[in-house]
Amino acid sequence: MSRKFKKILIANRGEIACRIIWTCKEMGIKTVAIYSEADRDSLHVRFADEAICIGPAPSAQSYLNIPAVISAAEIANVDAIHPGYGFLAESAYFAEICEACNIKFIGPRPNVIRMMGDKVEARRAMQEAGVPILPGSPDPLETEEEALTLAREIGFPVIVKAAAGGGGRGMRIVRTEEELGPALEMASTEAAAAFKNGDVYIERYIERPRHIEIQVLADEYGACIHLGERECTIQRRHQKLLEEAPSPVLTPELRERMGEAAVNACKRIGYSSAGTFEFLLDEDGSFYFMEMNTRIQVEHPVTEMVTLADIVRNQIRIAEGEELGYTQDDLLIVGHSIECRINAEHPETFTPSPGQITAFNLPCGPGVRVDTAAYAGYVVPPFYDSMIAKVIVHARTRELAIARMKRALGAMVIEGIKTTIPLQLKIMDDPNFRAGRFSTKFMEEFLSANGAKGPAKNALTAR
Ligand code: MV4
């Protein structure tokens with residue numbers, strides 16, 4: 001078969017830009033990297049067939065600069081743009097500009113991106129598609145009075161969320177009637193500053209949920225399958241530290257119900273490309289829609305490991321107008337995969353630790369995958385996300401995957417900067433983690449048990 005896409009521009013940097021280039025090479029598609037002045041010595045620049053500097057270090061002037069990105073795409077004469085995650089990946093406006101320039105945006109249609117970007121609209125769409133949502137406001141809240149009436153109906157605690165939010169920004173938990181007014185005010189002010197949209201809504205608050213997400217693939221002709229779930233409960237301040245697939249708590253029946261809900265919703269909203277449904281899973285086994293991500297996600301490799309799918313390859317094939325070509329019955333989940341996100345941060349304070357990597361060794365051996373754009377001598381710039389590598393393991397069982405992750409992290413050497421590796425090594429030994437017993441409060445409880453202050457502090461950094 002001759003490919004429809006001959007050349008793709010990757011509108012991103014770091015490990016995900018490299019990840020996309022790897023698949024393009026396997027597909028025989030030429031690649032164009034774009035880079036900021038701070039990323040001249042980056043691996044994505046070296047691995048791509050062509051590279052174009054698009055502006056100064058700050059992302060607003062480079063990776064987020066739509067005219068600069070589109071100019072590069074026009075100059076290089078590419079057929080399509082892969083946006084990766086972050087930056088322009090969920091900009092409906094950028095997807096529209098691509099379309100207007102006759103460049104295929106590798107992702108869903110602009111209006112679908114826009115709908116899922118509005119959390120109130122997304123909730124409505126999910127309700128119409130029969131996906132369980134939490135009791136809450138059907139529209140953005142207009143008055144405090146309206147909010148109070150609704151909160152009494154739902155019952156406390158409730159949570160105030162920003163319609164334009166996501167990832168935890170502009171959220172407030174409200175436990176009593178007195179707290180509601182100030183929470184609405186704060187959430188709305190925060191949302192207006194962060195997203196230029198102060199709309200907020202409320203939902204029933206779940207105290208100790210798990211964050212479970214379903215990966216989907218949908219083509220442009222209405223075919224859709226799910227690739228099972230990822231367990232993403234272990235986070236700190238809405239930053240995931242590690243993810244796994246499958247979840248240690250999902251039964252095949254629950255997986256099927258969550259997957260079916262996600263697939264039905266995709267068909268209903270006219271979704272195409274790879275996508276992710278985020279759900280809250282309550283302690284009683286009920287699940288509720290939280291958000292939909294219309295991009296490739298950081299943690300996609302754990303799904304790739306247990307399904308043998310190449311999600312980036314499927315995104316490209318689907319954007320080329322190919323049919324999905326498989327059905328739900330083709331899905332097999334084999335073994336267990338865990339990913340640790342290695343950040344250039346102090347493992348205790350979580351403050352960024354940019355600078356030069358003076359010594360570097362990657363783990364290898366059976367069942368180990370590392371997605372990274374770092375190398376010995378590389379200087380981690382201070383301008384972007386602090387994630388510098390993802391260590392992904394795959395083994396027959398969860399217990400074996402944990403042992404494998406400990407072995408892999410133990411063999412990883414990154415000198416010159418601080419990383420989260422010592423923290424992740426400790427999590428691998430935590431009895432609650434090992435038992436699969438955790439909620440979104442895990443990291444808070446783990447950090448206070450392991451003492452951010454006091455004698456345990458040293459145990460945390462000891463390797
Ligand atoms: C919630 C919730 C409990 N109940 N919504 C956090 C990020 C954003 N996507 C929504 N979030 C939450 N929404 C209701 N109705 C708890 C969280 C939450 C959370 C969710 C997933 C993973 C980690 C979390 C940490 C704190 C709060």
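Note that ligands are numbered from 1 as they come in the structure, with each ligand's atoms numbered from 1 the same way.
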Step-by-step side chain to side chain donor-acceptor pair (under 3.5 Å) determination, Glu345 to Ser386
CA-CA 7 Å; Glu345 287 171 358; Ser386 64; 3.0 Å; yes
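Around CD of Glu256, the count of heavy atoms belonging to other residues, nucleotides or ligands within 6.0 Å does not exceed 12.
Among Lys390, Glu304, Glu339, the single residue meeting the side chain to side chain contact (heavy atoms under 4.5 Å, CB included) criterion with Arg369 is Glu304.
The side chain to side chain donor-acceptor pair (under 3.5 Å) pairs that include a residue from residues 394-404 are Glu244-Arg398, where partners are two or more places apart or lie in different chains.
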Could you list each N/O atom of ligand 1 together with any protein N/O atom closer than 3.5 Å, one pair per line with the distance?
{"residue": "ligand 1", "atom": "4 (N)", "partner": "Ile206", "partner atom": "N", "Å": "2.9"}
{"residue": "ligand 1", "atom": "5 (N)", "partner": "Lys161", "partner atom": "NZ", "Å": "2.9"}
{"residue": "ligand 1", "atom": "9 (N)", "partner": "Glu291", "partner atom": "OE2", "Å": "2.9"}
{"residue": "ligand 1", "atom": "13 (N)", "partner": "Lys161", "partner atom": "NZ", "Å": "3.1"}
{"residue": "ligand 1", "atom": "15 (N)", "partner": "Glu203", "partner atom": "OE1", "Å": "2.8"}
{"residue": "ligand 1", "atom": "15 (N)", "partner": "Arg204", "partner atom": "O", "Å": "2.7"}

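With sequence neighbours left out, the side-chain hydrogen bond (donor to acceptor under 3.5 Å, both in side chains) criterion links Asp39 to Arg13, Ser42, Tyr63. Residues forming a ring pair (Phe, Tyr, Trp, His ring centres under 6.0 Å) with Phe287 (at least two apart in sequence, or on another chain): Phe279.
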